[in-house]
Amino acid sequence: MVNPSLDVWVATGDGDGLSIGGNHMIHMLRRNLNIKVLLFNNQIYGLTKGQYSPTSLLGQVTKSTPAGVIDFPFIPVSLALGAQATFVARAMDRDPKHLQEMVRRAEAHHGAAFVEIYQNCNVFNDGAFFQFTEKETKDDHIVYLEHGKPLLFGKERQRGIRLNGFRPEAVSLKDGKYSASDLLVHDEKDSTLAFILANMIHNPDLPRPMGVFLALEHPTYEEQMADQIARAKSRKGEGDLQKLLDGEETWVIK
Ligand SMILES: Cc1ncc(C[n+]2csc(CCOP(=O)(O)OP(=O)(O)O)c2C)c(N)n1
């Protein structure tokens, strides 16, 4: 029997987690099992020496795609949101402080937690995330999501994200046209907003969001199962396995 108070941690790569284990992943998230997933995304199969994975980019040249990848990649955060995950976050290998905070948040979350971690593979896909992780470029290419705070980015935090209808756009706060009060304010409880933020990946002019996209409070699968069993027992009393096996429709052959 599953112990409702037990946390299970899974560390997986993008290949194992989204192709081989993709089916398990989506249903585990949908059911809100108390499992914390750290998905290390390096956009390649590393251990097996550099074949393309489900997160490899369109056109990416790998050992198994010498003329370039011709299929569209999974966006792990979008996949998790679409699978009804109750906790979805993104972090980076080269920002260990923020990564630590995301792991803490996953640990504190009630139920399934999904943390995508951008991870450099220095052998088969070196530099895949450098624009987000390196000193010279990261300030203009990432935006940290903080619950209740406006989305600000840039070296002097003079740029922000505002919503134009359902479409996020990057604006400058320097020329006086927009101020911080015009910006999108992050809300971890808003699943519509989480999808909008996940979709920012499709627009190269927008920074990549890092942090907690969504954190919802739902009962876990384990708790609901324990409750259901307790309710059945209080209604019908303790079960008797032998009696159940014998049933009313069995007979003895002599
Ligand atoms: C449960 C399980 N055990 C063993 C394997 C075999 N296996 C395939 S890839 C791999 C290593 C994956 O390493 P990781 O750093 O997650 O990804 P990489 O970028 O190297 O592909 C292993 C152990 C597996 N797929 N699943």
Side-chain angles (χ1 to χ4, degrees), residues 29-30 32 36-39 41 74-119 129 131-133 137-218:
L29 295 173
R30 171 178 72 79
N32 202 29
K36 320 295 178 188
V37 178
L38 304 178
L39 184 122
N41 181 4
F74 267 143
I75 297 159
V77 161
S78 302
L79 185 81
L81 291 171
Q84 320 290 321
T86 54
F87 182 93
V88 180
R90 186 189 282 140
M92 296 172 286
D93 56 356
R94 297 194 183 196
D95 188 347
K97 218 172 129 199
H98 180 256
L99 172 57
Q100 196 175 61
E101 193 193 320
M102 293 302 104
V103 173
R104 283 220 175 89
R105 287 287 312 271
E107 197 274 332
H109 180 68
H110 183 222
F114 180 90
V115 183
E116 179 192 17
I117 301 160
Y118 284 177
Q119 184 184 47
F129 300 112
Q131 62 171 325
F132 310 117
T133 58
T137 50
K138 66 176 185 185
D139 291 323
D140 287 324
H141 288 97
I142 56 173
V143 56
Y144 285 105
L145 304 173
E146 294 175 85
H147 184 61
K149 299 211 176 131
L151 270 68
L152 280 164
F153 70 104
K155 255 193 184 67
E156 288 115 39
R157 289 168 71 81
Q158 290 280 20
R159 299 177 73 197
I161 303 295
R162 78 181 273 271
L163 270 189
N164 183 359
F166 290 113
R167 206 177 293 274
E169 59 184 25
V171 294
S172 169
L173 303 183
K174 268 187 174 154
D175 51 17
K177 193 172 169 204
Y178 294 107
S179 70
S181 59
D182 295 309
L183 301 181
L184 177 56
V185 173
H186 186 44
D187 180 355
E188 293 173 356
K189 306 288 167 206
D190 186 338
S191 58
T192 307
L193 177 61
F195 275 106
I196 290 174
L197 296 170
N199 268 334
M200 281 170 63
I201 205 166
H202 295 298
N203 183 345
D205 296 333
L206 296 177
R208 192 67 54 92
M210 296 289 157
V212 176
F213 285 68
L214 189 70
L216 299 177
E217 189 61 34
H218 283 188

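Using a distance-only test at 3.5 Å, with no hydrogens or angles considered, a donor-acceptor pair links the side chain of K189 to the main chain of A215. Between the side chain of H186 and the main chain of L145, no donor-acceptor pair closer than 3.5 Å is present. D190 contributes a side-chain N or O that, together with a main-chain N or O of L193, makes up a donor-acceptor pair within less than 3.5 Å. Between the side chain of R162 and the backbone N or O of A170 there is no donor-acceptor pair closer than 3.5 Å. Judged purely by atom type and a 3.5 angstrom limit, H141 uses its side chain to pair as donor or acceptor with the backbone of T137.
A side-chain donor from one of N41 and E116 sits under 3.5 Å from a side-chain acceptor of the other. R94 and Y118 are not linked by any side-chain donor-acceptor pair at a separation below 3.5 angstrom, with hydrogens and angles left out of the test.
Between I142 and M92 the shortest side-chain heavy-atom distance falls below 4.5 Å. Using a 4.5 Å heavy-atom cutoff, the side chains of V212 and V88 are not in contact. Considering only heavy atoms from C-beta on, F87 stays 4.5 Å or farther from L216 through its side chain. Looking only at side-chain heavy atoms (C-beta outward), V103 and L38 come within less than 4.5 Å of each other. Between L183 and V171 there is a side-chain heavy-atom pair separated by less than 4.5 Å. Two residues are said to be in side-chain contact when any heavy atoms from C-beta on lie closer than 4.5 Å; F114 and P76 meet this criterion.
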List the steps, then state whether side-chain contact (heavy atoms from CB on, under 4.5 Å) holds for L151 with F153. CA-CA 7 Å; L151 270 68; F153 70 104; over 6 Å; no
Check the pair D139, E156 against side-chain contact (heavy atoms from CB on, under 4.5 Å), reporting the backbone distance first and the verdict last. CA-CA 9 Å; D139 291 323; E156 288 115 39; over 6 Å; no
Does the pair I161 and L206 meet the rule for a side-chain contact (heavy atoms from CB on, under 4.5 Å), with working shown? CA-CA 8 Å; I161 303 295; L206 296 177; 4.1 Å; yes
Kindly indicate, with the supporting measurements, whether the criterion side-chain contact (heavy atoms from CB on, under 4.5 Å) is fulfilled by E188 and L214. CA-CA 4 Å; E188 293 173 356; L214 189 70; over 6 Å; no
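For K149, the NZ atom sits in a loose shell: 12 or fewer heavy atoms of surrounding residues, nucleotides or ligands are nearer than 6.0 Å. At most 12 non-hydrogen atoms from other residues, nucleotides or ligands lie less than 6.0 angstrom from NZ of K177. The local environment of CZ in F74 is sparse, with at most 12 non-hydrogen atoms from other residues, nucleotides or ligands closer than 6.0 Å.
The two atoms that bring N32 and A112 nearest to each other are OD1-N, 2.8 Å, heavy atoms only. Between D140 and P207, the shortest heavy-atom contact is O-CB, 4.1 Å. Of all heavy-atom pairs spanning A194 and L81, the tightest one is O-CD1, 3.5 Å.
Taking CG of L173 as the reference point, atom CG of D182 lies at 8.5 Å (rounded to 0.5 Å). How far NZ of K138 is from CD of Q131: 13.5 Å, rounded to the nearest 0.5 Å. In this structure, CG in L163 is found 5.5 Å from CD1 in I196, a value given to the nearest 0.5 Å. Interatomic distance, I117 CD1 to R90 CZ, rounded to the nearest 0.5 Å: 12.0 Å. Going from atom CZ of R30 over to atom OG1 of T86 covers 13.0 Å, rounded to the nearest 0.5 Å. In this structure, the separation between CG on L184 and CD on E169 is 11.0 Å, given to the nearest 0.5 Å.
A salt bridge between E107 and K36 is absent, with no side-chain N of the basic residue lying under 4.0 Å from a carboxylate O of the acidic one.
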